[in-house]
Amino acid sequence: MTDTGLGGGAVTPLQLTLDNTTLMEAIEWRDLHPAAYQKIIEWAHRDKRRLGRCFMQAYLEALRSPAIAEELGLRRVGDEPFLVNNNLKAALTRLVLMEYPDLPFRPRRSKCDPSSVAV
């Protein structure tokens, strides 16, 4: 248990109490597509150095490129583009921030935020 810093000695477990299915889907996606996830991390670090900011939407769009998907070994049946569900964007952003808190993503509030933060 961890003091939440909310005053009054409130002590709660420090865990994400978000739409856990969304975060779990992001973790599952990361585990199923490690090359794609590592490419996101690589792009984010590069953007941090060059621009001082990271752009999850751009990374997900780039992964849909047939050339990039082929380079990373991301496959689908036939010539269909690699799919990344847009609903995972917020959860993937937060997952990356949990693992790499120094990356300057600027996420909006989301149901993926811990309950003490979410509106």
Taking side chain as C-beta onward, heavy atoms only, is Tyr100 less than 4.5 Å from Asp102? yes

Taking side chain as C-beta onward, heavy atoms only, is Leu72 less than 4.5 Å from Leu63? yes

Validation row: Arg94, Thr22 side chains within 4.5 angstrom (heavy atoms): no

State, without any angle test, whether Glu42 and Gln38 hold a side-chain donor-acceptor pair at a distance under 3.5 Å. no

Taking 4.0 angstrom as the limit, do Glu25 and Arg30 come out as a salt bridge? no

Scan side-chain atoms only and decide if Tyr37 and Asp31 contain a donor-acceptor pair under the 3.5 Å cut-off. no

Do the side chain of Arg64 and the main chain of Val84 share a donor and acceptor less than 3.5 angstrom apart? yes

For the residue pair Arg53 and Arg106, establish whether any side-chain heavy-atom pair is separated by less than 4.5 Å. yes

Closest approach of Ile68 to Ala62 (non-hydrogen atoms, all atoms of both residues): CD1-O, 3.4 Å

Side-chain heavy atoms of Ile40 within contact of Leu60, under 4.5 Å: yes

Can you say whether the rings of Phe55 and Tyr59 are parallel (under 30°), tilted (30 to 60°) or perpendicular (over 60°)? perpendicular

Given Asn86 and Gln57, is the side-chain contact (heavy atoms from CB on, under 4.5 Å) satisfied, shown in steps? CA-CA 8 Å; Asn86 280 334; Gln57 183 66 40; 3.9 Å; yes

Go through it in stages, so that I can follow the logic: the residues are Arg46 and Leu51, the test is side-chain contact (heavy atoms from CB on, under 4.5 Å), and I'd like the CA-CA distance, side-chain angles, deciding distance and then a yes or no. CA-CA 8 Å; Arg46 185 180 312 152; Leu51 306 169; over 6 Å; no

